[in-house]
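This is a predicted model, so every value here is computed, not measured.
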Amino acid sequence: MNEFIGSDYLFEVQIVIFALTNPMALTNIYSLYRTMEEENVLLSFKGIVTSDLLTTVLSIMENKMHTMQESPKKQKKVFNVLVECLQNLYHHVDHDLAASNESRELLERRSAIILIVKENEHFLIRTGNYIDNGKVRDLNERLNKINSLEKDELKNYYQTSLNSSTVSSKGTAGLGMIDIARKSGNKLDFEFLKVNEEASFFCLNVKID
Amino acid sequence: MENLQMISSAKTPEVLFDAENGKLLLKGRSIPENSIEFYKPLYDWVDSYAGQPKSETTIEVMLEYFNTSSSKCLLDLFKKLERMNGDASSVAVHWYYEEDDEDMAEAGEDYQAIIKLPFKMIEINEI
């Protein structure tokens, strides 16, 4: 059950048309579909994360969880964590630049991937996005610090950060990752894959019991 | 002084700040990408209300969801009310959460730990 959303629908249509004229690619898209089916992917998206996309993804997931008759408690947890994960991706993108005419390579640098998976009784939110190599060290340190804290320490850390943080002009308060770790109740599973001299691909896996 | 009234949207809560009765209500979800834009008029209203407040002021927070961008803005709103609290008006926070929503109850405790205002935690069936 994959859903292609918004402007990227057109992009997907182009892939399908391309696939129809190329037997190799046709097989590829089926195997991509099978992989997603086998991995229990509820929803997937690849492209630039916009405000409208967030609204749509959240609304689809709310309806899906309702249909799946998940407990209200779990629905709330997944929704909360999803909001923070998606908004992390959203804020990562420089929207003024994304809107302008640019090379394919630069546009790709601003695109991200989102997979929402239901595995047995838990949900997995998996995201991936490019990050400047210069920012990897700081983020890596922050995430390791968060992972080193137990439940009560995380609560204190959140309160201290909340009280001392300021909201940037983009609206970020630097609390997202702490909140994700706290609400999911699990350690953050993450990795940085070096792509080239400028960028790495940041993979984040959040498990919600 | 005029009331501040805003209807809810997919990402922002219903707002009803009633100057006549000293009741400030936030209800629904607060998950905008950039919450500063949304909270600015609320701050402005509280600043002018603080000049001539009712003897009792209650803020009723009935949120189903809020994001971390909003959490900082909520803190700033509480801080304004904390400064106003005293001789001119006694301010109280009514923090509502749905039954079983431990995260929302804990979020109330987070603010309670930071803000010196009386908090009343109220569990309800559905927001």
Side-chain angles (χ1 to χ4, degrees), chain A residues 49-59 62 71-93 95 151-152 154-180 182-185 208, chain B residues 8-13 28-40 42-43 62-80 82-83 96-117 119 123-127:
Chain A
V49 177
T50 62
S51 175
D52 285 345
L53 178 90
L54 297 196
T55 312
T56 312
V57 168
L58 291 170
S59 149
E62 247 190 322
S71 71
K73 191 174 170 176
K74 186 169 278 184
Q75 289 189 33
K76 284 204 186 92
K77 274 208 183 286
V78 173
F79 189 89
N80 265 311
V81 173
L82 191 57
V83 168
E84 293 305 322
C85 288
L86 295 176
Q87 293 186 344
N88 274 346
L89 297 176
Y90 172 85
H91 287 297
H92 172 77
V93 176
H95 291 271
K151 195 171 182 283
D152 284 348
L154 212 48
K155 181 178 179 149
N156 287 335
Y157 185 44
Y158 181 87
Q159 287 177 4
T160 315
S161 308
L162 173 64
N163 201 17
S164 61
S165 74
T166 49
V167 187
S168 72
S169 59
K170 287 158 95 185
T172 54
L175 299 164
M177 289 296 183
I178 313 174
D179 193 57
I180 291 169
R182 211 177 156 194
K183 296 225 167 87
S184 73
I208 304 148
Chain B
S8 63
S9 76
K11 288 179 184 166
T12 55
R29 43 184 69 181
S30 181
I31 52 168
E33 285 82 34
N34 192 342
S35 48
I36 301 176
E37 275 168 43
F38 178 78
Y39 280 87
K40 179 76 173 63
L42 279 62
Y43 296 158
M62 302 179 85
L63 292 176
E64 192 191 356
Y65 298 110
F66 63 91
N67 60 359
T68 52
S69 177
S70 300
S71 69
K72 181 64 189 168
C73 291
L74 272 178
L75 179 72
D76 290 343
L77 189 65
F78 288 141
K79 282 189 170 166
K80 280 187 185 293
E82 188 181 38
R83 280 194 292 274
Y96 293 83
Y97 60 97
E98 291 183 357
E99 50 182 11
D100 287 341
D101 192 349
E102 292 158 15
D103 289 332
M104 193 54 79
E106 269 197 41
E109 292 168 17
D110 288 340
Y111 289 113
Q112 216 173 350
I114 301 171
I115 297 292
K116 289 180 198 70
L117 283 176
F119 271 69
E123 187 180 303
I124 50 170
N125 229 332
E126 208 181 321
I127 283 173

Do D100(B) and P72(A) have side chains that get closer than 4.5 Å, going by heavy atoms? no
Top contributor to chain B contacts, counting heavy-atom pairs under 4.5 Å, from N156(A), T160(A), L162(A): L162(A)
Q159(A) side-chain N/O to I114(B) backbone N/O, donor-acceptor pair under 3.5 Å: no
Any donor and acceptor pair, going by atom type alone, linking the side chain of H91(A) with main-chain N or O of E33(B) inside 3.5 Å? yes
To the nearest 0.5 Å, what is the distance between CG on L82(A) and CG on N67(B)? 12.0 Å
Is there a side-chain contact between I31(B) and L58(A) in this structure, where contact means two heavy atoms from C-beta onward sitting under 4.5 Å apart? yes
Walk me through it: do K151(A) and E102(B) pass the test salt bridge (Lys or Arg N to Asp or Glu O under 4.0 Å)? CA-CA 14 Å; K151(A) 195 171 182 283; E102(B) 292 158 15; over 6 Å; no
Most heavy-atom pairs under 4.5 Å with chain B, out of D179(A), N163(A), L86(A), belong to N163(A)
Examine whether an atom of E62(A) lies under 4.5 Å from a heavy atom of chain B, and if so say whether it belongs to the side chain, the backbone or both; otherwise answer neither. side chain
Calculate, to the nearest 0.5 Å, the distance between atoms CZ and CG belonging to R182(A) and D110(B) respectively. 4.0 Å
Measure distances from D101(B) to the heavy atoms of chain A and classify the residue's part below 4.5 Å as side chain, backbone, both or neither. side chain
Can you tell which part of L75(B) gets under 4.5 Å to a heavy atom of chain A, answering side chain, backbone, both or neither? side chain
4.5 Å side-chain heavy-atom contact, K11(B) and S51(A): yes
Could you check which of E99(B), E37(B), M104(B), E109(B) has the highest count of heavy-atom pairs closer than 4.5 Å to chain A? E109(B)
Are any non-hydrogen side-chain atoms of F66(B) and V83(A) less than 4.5 angstrom apart? no
Is any side-chain heavy atom of F79(A) less than 4.5 Å from a side-chain heavy atom of R29(B)? yes
Is the side chain of K76(A) donor-acceptor paired with the backbone N or O of D103(B) at a distance under 3.5 Å, no angle test? no
